[in-house]
Amino acid sequence: MTITATASLTGVSWSPDAEDDAFQQPYVDIDEERDWPVRHRYVHGGFHDNETRFSLYLPPAGQFEGRFFQHVTPVPQSENLAQDQSRNENPVPFTIASGGYFVETNGGGPSVANPMAGGDPTIGAYRANAAAARLSRQIAEQVFGPQRIYGYLYGGSGGGYRTIGASENTQNVWDGFVPYVIGSPMAVPNVFAVRMHAQRILRDKFPAIVDAYDVGGDPGALDLSDEERAAFEEVSRMGFPVTSWFGWQSMGMHAFSVLYPGIMMADPTYADDFWTVDGYLGADPAASVHRDRIRLHSRITDLLTETGSAEDRPSGGVDESFKATTAGTSAVTGVRLSDAPSGWALGAELHVLTGEAAGGTLRLSAVDGDRVRFEPGQVLDALRVGDEVLLDNSSFLAAQTYHRHQVPADGYPVWDQFRHGDGTPQAPQRQMLLGPLFASAAAGTVQTGHISGKMIVVASLLDREAFPWQADWYRTQVSAFLGDTVDDRFRLWYTDNALHGDESGIQEHETHTISYVPVLEAALRQLSAWVEQGIEPADNTAYEILDGQVLVSDTDPNRGGVQPVVTVTANGSAHATVRPGEPVEVRVEATAATGAGVIVQLATDLTGAGTLSDPFDVEPAMSVTVDRTTAFDQPGTYFIAARVTAQTGNNATVDPHARVINIARARVTVAD
């Protein structure tokens with residue numbers, strides 16, 4: 001395979017951007033052929049009049065079909081992410097196999113990424129990406145010849161905000177958009193706050209909750225106190241997927257660790273009000289938040305490094321040999337205190353009261369007895385043994401019910417639980433809604449649904465960070481804008497058993513979750529066929545929303561979207577009870593989504609070990625049934641599982657891309 005030789009692009013004078021005065025000095029500084037991850041022509045450049053940089057990955061001329069795909073990151077990052085060989089998913093092979101070239105940018109550069117730099121947020125939201133997209137067409141025509149080149153933008157989470165912002169604020173830059181795992185203008189910080197509140201109160205009940213909501217479980221038998229049940233119902237009605245709590249041990253704070261300081265900065269009187277004013281949880285003396293509050297005055301007895309304790313060094317200081325290896329960063333990653341706190345230490349802060357570092361505050365990632373660890377990037381070089389400190393989680397606890405004091409006027413039914421019968425809020429309300437401020441900072445503007453081009457939204461039904469109902473909220477906005485023509489330009493696909501992250505391969509739990517990356521690939525291909533050839537994509541996923549929970553059929557192949565449906569039964573049921581050694585008849589039934597491909601592959605876990613067998617091919621068909629027999633020697637509860645793969649597109653079963661997967665489980669109770 002060779003790439004058609006053309007003159008070097010580094011010597012070309014490119015036209016200034018005709019649409020945006022901030023991008024008038026484009027340049028190309030690298031133009032070379034590369035073999036990884038597939039053969040392509042790599043072109044790098046930027047704009048001399050700002051910090052925007054871009055990378056293009058061009059296919060061999062014979063493979064170019066007149067389109068490009070451009071990925072948007074949640075925040076401005078590097079334009080070289082596709083060159084990271086440690087990633088387990090790379091968009092370049094998919095893009096080139098799909099007849100296009102790939103575009104990525106740094107989102108406008110470091111100053112745009114820093115909200116304190118005072119730059120124009122629209123540059124990072126969509127303008128830098130738009131300028132790179134327009135310039136990429138110039139470059140592509142130089143390489144492939146003059147032609148109509150179609151463009152498709154996609155991004156997830158914060159990148160979903162930016163993809164939507166680009167669709168709503170530009171014209172004739174991109175022809176289609178795939179925002180995925182998206183939030184609403186009320187997402188931040190509220191979905192993280194309510195989740196953290198539930199994590200605190202329910203921390204001793206999660207094993208029982210997970211068991212109750214797994215296949216074959218009995219939610220009605222769940223034994224919760226009044227406070228625990230109220231917290232569980234609150235977070236569920238706000239949209240946290242009830243079946244997604246299986247990841248409670250590794251869930252952590254996610255983005256909340258950086259969001260709650262923002263709450264305190266934007267609303268500096270909130271924490272004091274929380275602990276003192278009627279109507280806030282902290283003002284209720286019976287609330288468990290007082291049991292979990294920590295305000296520990298202590299003293300640093302040792303500085304901790306990644307290599308361990310510094311206690312044997314006379315000064316208690318940092319090991320200089322370690323410091324020399326950290327390329328200018330502090331080696332101190334935590335401290336030991338003279339006292340161990342009691343309470344719920346997650347999210348606590350360490351305030352330095354005396355010494356050279358007095359007045360400094362460090363956010364903590366972990367507290368283990370008298371040892372505390374700082375969040376990555378937290379550096380305070382002046383810390384010394386003997387410094388007096390205050391370990392305090394008051395603000396973090398206060399932020400966990402901030403959502404109760406952020407009730408929007410209308411349009412968000414999940415907040416109805418916080419209203420009186422007449423629609424007025426039950427709790428005191430803060431002066432401003434923070435959610436729209438966060439949303440506009442990411443997208444450039446608050447989402448309105450006024451899209452340009454065509455769009456397919458991809459959402460995940462196990463999403464703990466962008467609760468699934470928010471994709472429906474955006475569909476409602478687009479429907480209000482487009483009216484009866486909405487189906488001509490918009491689709492919403494829900495992916496069952498998928499989380500928030502866009503890593504390919506195993507995600508968190510091999511027999512619980514699947515990656516939605518193949519659904520993204522299917523969306524991009526179907527979007528391009530929709531735009532360029534008028535071929536309708538798969539229908540919207542059919543769903544209903546009940547008390548904040550998005551529900552889809554797990555057996556109907558006509559439910560829409562592109563994901564196959566799969567069921568696993570043990571002795572004909574989702575829950576079988578057997579004796580030790582007794583055979584269990586396992587049946588796996590899978591059906592490809594109507595019009596969206598064929599079943600081609602299957603992997604199973606028939607032992608309940610939580611790991612799948614190597615996938616094996618099946619005769620390609622719309623529907624596949626596989627029967628197996630298993631048995632268990634020891635009493636206990638076992639979950640068996642099957643993962644199926646459907647090839648979408650033109651049923652080309654050898655195509656490694658857009659192979660959409662789904663997974664199902666059954667419970668086997670083995671009793672003497």
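Index from 1, following the sequence.
Side-chain contact, Thr645 with Arg659: no donor N or O sits under 3.5 Å from an acceptor N or O. If you check the side chains of Tyr180 and Asp502, you find a donor sitting under 3.5 Å from an acceptor. With no hydrogens or angles considered, a side-chain donor-acceptor pair links Asp617 and Gln601 at under 3.5 Å. One side chain, Asp84 or Ser86, offers a donor N or O that lies under 3.5 Å from an acceptor on the other. Between the side chains of Arg665 and Thr511, at least one donor N or O lies within less than 3.5 Å of an accepting N or O. In this structure, a donor-acceptor pair under 3.5 Å is present between the side chains of Asn662 and Asn497. Between the side chains of Asp605 and Thr607, at least one donor-acceptor pair of N or O atoms lies under 3.5 Å. In this structure, a donor-acceptor pair under 3.5 Å is absent between the side chains of Ser460 and His500.
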Hey, mind stepping through Arg404 and Glu234 against salt bridge (charged side-chain N to carboxylate O under 4.0 Å, His left out) and telling me if it holds? CA-CA 10 Å; Arg404 298 180 181 177; Glu234 179 178 4; 2.9 Å; yes

Give the C-alpha distance, both sets of side-chain angles, the deciding distance and a yes or no for side-chain hydrogen bond (donor to acceptor under 3.5 Å, both in side chains) between Glu585 and Thr629. CA-CA 5 Å; Glu585 301 301 325; Thr629 301; 3.0 Å; yes

Under the criterion side-chain hydrogen bond (donor to acceptor under 3.5 Å, both in side chains), I'd like the reasoning laid out for Thr569 against Arg587: C-alpha separation, chi angles, the key distance, then a yes or no. CA-CA 5 Å; Thr569 57; Arg587 170 162 287 190; 5.9 Å; no

Could you give me the CA-CA distance, side-chain angles and deciding distance for Arg419 and Asp416, then say whether salt bridge (charged side-chain N to carboxylate O under 4.0 Å, His left out) is met? CA-CA 5 Å; Arg419 305 180 199 273; Asp416 287 349; 2.9 Å; yes

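Here the straight-line distance linking atom OG1 of Thr163 with atom CD of Gln70 works out to 9.0 Å at 0.5 Å rounding. Atoms CG and OG1, from Asn571 and Thr577 in turn, are 9.5 Å apart once rounded to the nearest 0.5 Å. With rounding to the nearest 0.5 Å, the separation of CZ in Arg371 from CZ in Arg373 is 7.0 Å. How far NE2 of His403 is from CG of Asn190: 7.5 Å, rounded to the nearest 0.5 Å. Rounded to the nearest 0.5 angstrom, Gln526 CD and Lys454 NZ are separated by 14.0 Å. In this structure, CG in Leu364 is found 8.0 Å from CD in Glu375, a value given to the nearest 0.5 Å.
Ring pair Phe240/Phe467 is perpendicular by interplanar angle, where above 60° counts as perpendicular and below 30° as parallel. Ring orientation note: the planes of Phe632 and Tyr638 are close to parallel, at an angle under 30° on the 30°/60° scale.
When the shell of 6.0 Å around CG of Asp218 is examined, it contains more than 12 heavy atoms from other residues, nucleotides or ligands. Within 6.0 Å of CZ in Arg579 there are 12 or fewer heavy atoms belonging to other residues, nucleotides or ligands. For Asp487, the CG atom is densely surrounded, since the number of other residues' heavy atoms within 6.0 Å is greater than 12.
Formation of a donor-acceptor pair under 3.5 Å by the Arg475 side chain with backbone atoms of Leu492 is not found in this model. With Asn393 contributing its side chain and Trp344 its backbone, the two residues share a donor-acceptor pair below 3.5 Å. No donor-acceptor pair under 3.5 Å is formed between the side chain of Glu544 and the backbone N or O of Val550. A donor-acceptor distance shorter than 3.5 angstrom exists from the side chain of Gln549 to the backbone of Val242, with no hydrogens or angles considered. Using modelled atom types, one side-chain atom of Ser573 and one backbone atom of His575 make a donor-acceptor pair closer than 3.5 Å. Not one N or O on the side chain of Ser244 forms a donor-acceptor pair closer than 3.5 Å with the backbone of Pro241. In terms of modelled atom types and a separation under 3.5 Å, the side chain of Thr95 and the main chain of Phe69 share no donor-acceptor contact. Under a 3.5 Å cut-off, the side chain of Glu582 and the backbone N or O of Ala631 do not form any donor-acceptor pair. Side chain of Gln647 to backbone of His657: a donor-acceptor contact under 3.5 angstrom is found. Using a distance-only test at 3.5 Å, with no hydrogens or angles considered, no donor-acceptor pair links the side chain of Thr591 to the main chain of Ser623.
With Tyr213 as the partner, the ring-ring contact (aromatic ring centres under 6.0 Å, His included) test is satisfied by one option alone out of Phe206, Phe246, Phe232, Trp245: Phe232.
Centroid-to-centroid, the aromatic rings of Phe639 and His512 stay 6.0 Å apart or farther. Residues Tyr412 and Trp473 bring their aromatic ring centres within 6.0 Å. No close placement of the Phe192 and Tyr402 rings is indicated, their centers lying 6.0 Å or farther apart. A ring-centre distance under 6.0 Å is not found for Phe94 and Phe102.
For Arg464 and Trp248, the positive end is not near the middle of the six-membered ring at less than 6.0 Å and at most 45° from its axis.
Listed by first and then second residue, the ring-ring contact (aromatic ring centres under 6.0 Å, His included) pairs that reach into residues 538-571 are Tyr494-Tyr543, sequence neighbours excluded. Applying the salt bridge (Lys or Arg N to Asp or Glu O under 4.0 Å) rule to pairs touching residues 195-211 yields Arg195-Glu465, Arg200-Asp292, Arg203-Asp292, Lys205-Glu228, Asp211-Arg667, sequence neighbours excluded.
Here the side chains of Thr243 and Asp214 are not in contact, with every heavy-atom distance at 4.5 Å or above. Looking at heavy atoms from C-beta onward, Val562 lies in side-chain contact with Val519 at the 4.5 angstrom threshold.
In plain terms, the two heavy atoms of Gly247 and Glu508 that are nearest each other are CA-OE2, 2.9 Å.
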